[in-house]
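First comes the structure, then the notes that go with it.
Naming convention: chains lettered A, B, ... in sequence-line order (proteins, then strands); numbering from 1 in each chain. It should be emphasised that the depicted structure is a prediction, and the values quoted were computed from it without experimental measurement.
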2 protein chains.
Amino acid sequence: MLGWEDIRAEVLRRIRARDWPPGALIPGEEALAEEFGVARATVNRALTSLAEAGVIERKKRAGTRVAELPVRRARLEIPVIRLDVLGRGLPYDFKLLADRLAPAPVPVTARLGLPEGTPMRKLETLHLAGGRPFVLETRWLNPAVLPVPLPDFAQVSVNEWLVTHVSLVSGDIAFTAEPASPREAEVMGVVPGTPLLVAERTTQGTGGPVTWVRLAHAPGHRVAMTF
Amino acid sequence: MLGWEDIRAEVLRRIRARDWPPGALIPGEEALAEEFGVARATVNRALTSLAEAGVIERKKRAGTRVAELPVRRARLEIPVIRLDVLGRGLPYDFKLLADRLAPAPVPVTARLGLPEGTPMRKLETLHLAGGRPFVLETRWLNPAVLPVPLPDFAQVSVNEWLVTHVSLVSGDIAFTAEPASPREAEVMGVVPGTPLLVAERTTQGTGGPVTWVRLAHAPGHRVAMTF
DNA sequence: AAGTGGTCTAGACCACCCG
DNA sequence: GGGTGGTCTAGACCACTTT
């Protein structure tokens, strides 16, 4: 018997074979159900899956069309840094370099949607892979939305504690290439100006903005995704 | 009446509220269906959605558990470069800098799974935003899998032509930070060694490996994603 | 106004896999 | 062996949007 994955595969084949070229209207669910000899719900499952993948566009009343410019979507899985390191076959360790309460700089408060000068906790953590610098994490935490008691971040990496103790609702992440600042160069043992892959994240929780973090990766770091 | 999104929201709320802490076994579909007064299929739809999001882990016979380390997934939408530029409110243009047939270098053939020394078409395209260098695209095309006739790539950007004329099946993308090579520096008008955000992609089509491309972005470029 | 996709139901069968 | 999630069916109602 045909399952929804079979239907999906066949529809995909026809699209790729240009039987149904970009922009074309494809048959309605009922028609396809009849053709394949399955229930409409099964066709619906298949088409819903293709729509999520960006291959087709569905509109009520207007029907289903093959996407004109199929948007390619890649999925990035953001692991806890410890697991990222272990996954590369290297022993993991980290050092808490700094931990203090201070008014957050404007770029941070602005991105998080907090009032200027909000006091936040700044944590600087160096993550090590095989004893060598892997990522320098510079983080501003919003103490107002954190559950108590807070752990000792010299023992438990902030990175990991947040994942398990705070419910993160949404956020965004951006990658840039930046020259290593003097501070980064010193901490990571590279020449100032060395290109570093930098990831900047902001995260919102149920109670409001949780954290802003900048991850400066060691030279040569690759962030890989599949689509 | 409760829809599957309501069920999803409520389950998510309980997980976030730690009613069902990480690692906990949550009630079976039938139990939840009864509690919410909906059909099991509706609960299934909600839980399937949460499983796709990485919030829960489902195993037959073992039941459904709250994920221990919820993997955060971010989705990257890879637009055609022209639309990326226009989306930033800048006029788009491009220049074809080079176009020749040559044996592809080993790193390229290796990543695509082609024999060493396979002749491929090398295209170098500079994409401009508001008249200024935006991305330098260095691309190796596998002519064996391309539909004929091929257009004039000085008129139509390869980037765009591929999207609409070749069915891409799968691929991967990786981001790195690299110093601008002398060539890149010259073409993009920056000092050699300037950190550039580089995206490297390989793409497989129905007929085999299609293309390898390296996109070197102008300094300051951000690749943003949401989760 | 009508046809489309989105969703729900109640029932069913099955593969899987833990105990 | 039995309980779980995964899936399918046949029918139904509805919101939406294009014509």
Short side-chain to backbone donor-acceptor contact, A:Arg65 and A:Gly23, under 3.5 Å = yes
Earlier contact from the 5' end, DNA chain C, for A:Arg40 and A:Arg61 = A:Arg61
Salt bridge or not for A:Glu124 and A:Lys122, using N-O below 4.0 Å?
-> no
Under 4.0 Å between a side-chain N or O of B:Thr42 and OP1 or OP2 of C:dT9?
-> yes
Nucleotide C:dT7, atom P - distance to CG of A:Leu47 in whole Å | 13 Å
Going by distance alone, is a donor N or O of one side chain under 3.5 Å from an acceptor N or O of the other, for A:Asp172 and A:Thr202?
-> yes
Report the nucleotide, chosen from D:dG5, C:dT4, D:dT9, that has the shortest atom-to-atom distance to any side-chain atom of A:Val38.
-> D:dT9
Below 4.0 angstrom, N of the basic side chain to O of the carboxylate: do B:Glu5 and B:Arg8 qualify?
-> no
Relative to each other, are the rings of A:Phe94 and A:His127 parallel, tilted or perpendicular (30° and 60° limits)?
-> tilted
Closest to the B:Ala39 side chain: C:dG6, C:dT9, D:dT7?
-> C:dT9
Within this structure, what is the CZ-to-P distance between B:Phe36 and C:dT7, rounded to whole angstrom?
-> 18 Å
A:Glu5 CD to C:dA15 P, in whole Å, measures 15 Å
Between atom CD in B:Glu30 and atom C1' in D:dG2, what is the gap in whole Å?
-> 13 Å
Determine: side-chain N/O of A:Asn44 to OP1/OP2 of C:dG5, distance under 4.0 Å, yes or no.
-> no
Taking atom P of C:dT4 as reference, at what distance in whole Å does atom CD of A:Glu57 sit?
-> 18 Å
Quick one: on DNA chain D, does A:Leu2 or B:Lys59 contact a more 5' nucleotide (nearest heavy atom)?
-> B:Lys59
In whole angstroms, the gap separating C1' of D:dC14 from NZ of A:Lys60 amounts to 8 Å
For DNA chain C, whose closest nucleotide is more 5', that of A:Glu29 or that of B:Ala62?
-> A:Glu29
Side chain of B:Arg58: nearest nucleotide among D:dG6, C:dC8, C:dT4?
-> D:dG6
What is the distance from CG of B:Leu25 to P of D:dG5, rounded to the nearest Å?
-> 8 Å
Any side-chain N or O of A:Thr64 less than 4.0 Å from the OP1 or OP2 oxygen of C:dG5?
-> yes
B:Arg45 CZ to D:dC8 P, straight-line distance once rounded to whole Å = 13 Å
Between C:dA10, D:dA10, C:dA15, which nucleotide has the shortest distance from any of its atoms to the side chain of A:Ala41?
-> D:dA10
